Amino acid sequence: MLRREKPQLVICDVMRFWVSTPALLFGKIFGVKMVGFAADIPQMYLHQYKGNISWIHSLQRKFYSSITTHYDAYIELSSYMDEHINPKNRPMIVVEGLVDSTSVVNHQDRQIERQTSSNNIILMYTGGLYEKYGVKMLIDAVASRKDSKIELWLLGKGELEEYLSTLNNANIKYFGYCPHDKVVTMQQQADFLINPRFSNEDYTKYSFPSKIMEYLVSGTPVISTRLKGIPDVYFNYIIPIEEETVEGLSVVLDQILQMDTDELNTLGNKGRDFVLKNKNNSVQAKRIVDWLETLE
């Protein structure tokens with residue numbers, strides 16, 4: 001891909017402005033094809049900030065947004081990014097994520113002795129404990145149940161830690177922040193892994209949650225809202241939350257209680273096999289290299 005005298009193309013992270021901007025400028029001057037890698041976009045800069053954005057940050061965002069439209073081609077995490085960074089419809093490829101091809105988990109390995117003596121269905125969430133991520137909805141859906149067949153495991157940190165401390169519910173277990181190895185082990189012990197993040201937030205269009213890849217490769221069945229950044233094909237292997245309310249989530253909880261062990265194993269196996277076969281690092285790298293060669 002590289003010539004001795006000068007590169008045929010250069011790939012830049014579009015969000016590393018102070019490195020990518022001069023590289024883009026020199027690429028244009030010397031006739032080198034410039035490819036923008038977009039794991040995020042400037043339009044979502046400080047999207048999680050709750051207050052008003054200062055005029056300086058607003059100016060920065062406009063400046064950065066303008067720069068990102070000048071690449072010759074794009075590698076994007078979501079096709080929705082195209083409307084902002086690729087208005088001239090230049091070549092692009094969507095690579096929403098990848099898994100390590102060596103991280104094969106035999107489904108039999110999930111039959112680890114549980115950390116609980118109960119016979120409950122174990123639902124596990126890993127990540128930021130924030131109401132805006134749908135976590136309070138998840139907690140309330142489990143807490144409001146009259147039966148005690150669903151056990152919720154929460155791993156992570158965030159504003160809802162204080163709320164959790166006020167609950168007196170034996171079926172909601174908070175483990176705090178855990179090392180990755182422990183997270184992986186617990187994901188294999190759980191019956192379902194859940195991503196309850198609300199889909200109405202605009203920024204969910206412009207990213208693919210890495211949590212989904214991590215969940216699927218574990219071999220444990222996955223439940224998720226239909227975030228716009230998750231391609232529809234994934235929902236062949238994911239149980240969708242169609243109504244993002246406590247009541248809507250309760251419907252899903254009722255649904256999973258009806259699933260037997262064979263159904264759980266089949267769903268978990270299919271999700272794991274899908275990402276290991278189609279989204280592993282070797283496959284995704286080859287897709288990118290093959291696509292880059294079409295640009296020459």
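Only a predicted model underlies this, so the values are computations on that prediction, with no experimental measurement involved. Position 1 is the first residue of the sequence, and the numbers go up from there.
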Exercise. Nearest 0.5 Å, what's the NZ-CD distance between Lys33 and Gln8?
Worked result: 10.0 Å
Problem set entry | Donor-acceptor pair, side chain of Glu161 and main chain of Leu129, under 3.5 angstrom | no
Problem set entry | Verify same cluster id: Leu257, Ile239 (apolar side-chain graph, 4.5 Å) | yes
Exercise. Glu76 versus Ile85: any side-chain heavy-atom pair under 4.5 Å?
Worked result: yes
Exercise. Which atom pair, heavy atoms only, marks the closest approach of Gly36 to Val14?
Worked result: CA-CG1, 3.7 Å
Exercise. Between CG of Leu24 and NE2 of His70, what distance do you get to the nearest 0.5 Å?
Worked result: 7.5 Å
Exercise. So how far is it from Tyr74 OH to Met34 CE, rounded to the nearest 0.5 Å?
Worked result: 11.0 Å
Problem set entry | Shared hydrophobic cluster, Val283 / Leu77 (ILVMFWY, side-chain heavy atoms < 4.5 Å) | no
For this session: For residues Asn169 and Val142, determine if any side-chain heavy atom of one lies less than 4.5 Å from a side-chain heavy atom of the other.
Result: no
Exercise. Should Ile150 and Leu167 be counted in the same cluster of Ile, Leu, Val, Met, Phe, Trp and Tyr side chains packed under 4.5 Å apart?
Worked result: yes
Problem set entry | Intermediate values then yes/no, side chain to side chain contact (heavy atoms under 4.5 Å, CB included), Asp273 and Tyr237 | CA-CA 10 Å; Asp273 292 346; Tyr237 313 98; over 6 Å; no
Exercise. What are the two closest non-hydrogen atoms of Cys178 and Leu155, and how far apart are they?
Worked result: SG-CD2, 3.8 Å
Problem set entry | Donor-acceptor pair, side chain of Thr225 and main chain of Phe198, under 3.5 angstrom | no
Exercise. Judged by atom type as modelled, is there a donor-acceptor pair below 3.5 Å linking the side chain of Lys173 to the main-chain atoms of Glu151?
Worked result: no
Seminar exercise, completed: Closest non-hydrogen atoms of Tyr215 and Met124, given as atom of the first, atom of the second and distance, are OH-O, 4.0 Å
Exercise. Counting only heavy atoms not in Phe235, do more than 12 fall under 6.0 Å of its CZ?
Worked result: yes
Exercise. What are the two closest non-hydrogen atoms of Tyr125 and Lys211, and how far apart are they?
Worked result: CE1-CE, 4.0 Å
Exercise. Crowded around Asn200 CG? As in, over 12 foreign heavy atoms under 6.0 Å?
Worked result: yes
Exercise. Do the side chain of Tyr174 and the main chain of Ser165 share a donor and acceptor less than 3.5 angstrom apart?
Worked result: no
Exercise. Looking only at heavy atoms, what is the nearest atom pair of Ile41 and Met81, with distance?
Worked result: CG2-CG, 3.9 Å
Problem set entry | Side-chain donor or acceptor of Thr220 paired with backbone N/O of Gln187 under 3.5 Å | yes
Exercise. How long is the span from the OG atom in Ser78 to the CD atom in Glu83, to the nearest 0.5 Å?
Worked result: 8.5 Å
Problem set entry | Verdict with supporting geometry, Trp291 and Ile75, side chain to side chain contact (heavy atoms under 4.5 Å, CB included) | CA-CA 10 Å; Trp291 174 75; Ile75 303 169; 3.6 Å; yes
Exercise. When you measure from the side chain of Asp191 to the backbone N and O of Ile122, does any donor-acceptor pair fall under 3.5 Å?
Worked result: yes
Exercise. Do side-chain atoms of Arg226 reach the backbone of Asp232 as a donor and acceptor pair under 3.5 angstrom?
Worked result: no
Exercise. Going by heavy atoms in the side chains, are Asp202 and Lys205 under 4.5 Å from each other?
Worked result: yes
Problem set entry | Heavy-atom check, side chain of Glu263 versus side chain of Leu267, under 4.5 Å | no
Exercise. Side chains of Ser79 and Asp82: does their closest heavy-atom pair fall under 4.5 Å?
Worked result: no
Problem set entry | Candidate pair Phe26 and Val32, rule side chain to side chain contact (heavy atoms under 4.5 Å, CB included), full reasoning | CA-CA 8 Å; Phe26 281 101; Val32 176; over 6 Å; no
For this session: Search all heavy atoms of Lys279 against all heavy atoms of Tyr234 and return the closest pair with its distance.
Result: CE-OH, 3.3 Å
Exercise. For Asn86 and Arg90, what are the C-alpha separation, side-chain angles and deciding distance, and is it a side chain to side chain contact (heavy atoms under 4.5 Å, CB included)?
Worked result: CA-CA 6 Å; Asn86 189 17; Arg90 288 169 174 161; 3.4 Å; yes
Exercise. So which of Ile223, Val233, Leu216 actually passes side chain to side chain contact (heavy atoms under 4.5 Å, CB included) with Ile238?
Worked result: Leu216
Problem set entry | Side-chain heavy-atom pair His84, Ser65 within 4.5 angstrom cut-off | no
Seminar exercise, completed: In this structure, OG1 of Thr21 is separated from CD1 of Ile67 (nearest 0.5 Å) by 3.5 Å
For this session: Without swapping roles, check the side chain of Gln284 against the backbone of Gly97 for a donor-acceptor pair under 3.5 Å.
Result: yes
For this session: Identify whether NZ of Lys or CZ of Arg in Lys228 sits under 6.0 Å from the centre of the six-membered ring of Tyr80 and within 45° of that ring's axis.
Result: no
Problem set entry | Side-chain touch Asn278/Val275, heavy atoms, less than 4.5 angstrom | no
Exercise. Step by step, would you call Lys149 with Asp254 a salt bridge (Lys or Arg N to Asp or Glu O under 4.0 Å)?
Worked result: CA-CA 10 Å; Lys149 296 178 181 179; Asp254 288 336; over 6 Å; no
Problem set entry | Side chain to side chain, Pro209 and Ile230, heavy atoms closer than 4.5 Å | yes
Exercise. Should we say atom NZ of Lys28 is surrounded by more than 12 heavy atoms from elsewhere, each under 6.0 Å from it?
Worked result: yes
Exercise. Do side-chain atoms of Glu244 reach the backbone of Ser199 as a donor and acceptor pair under 3.5 angstrom?
Worked result: yes
Problem set entry | Linked, directly or transitively: Tyr177 and Phe175 (ILVMFWY side chains, under 4.5 Å) | no
Problem set entry | Joint cluster assignment, Leu98 & Phe208, ILVMFWY side-chain distance < 4.5 Å | no
Exercise. Measuring from Leu249:CG to Ile139:CD1, what's the distance to the nearest 0.5 Å?
Worked result: 11.5 Å
Problem set entry | Neighbour count >12 (heavy atoms, 6.0 Å) for atom CG, Asp260 | yes
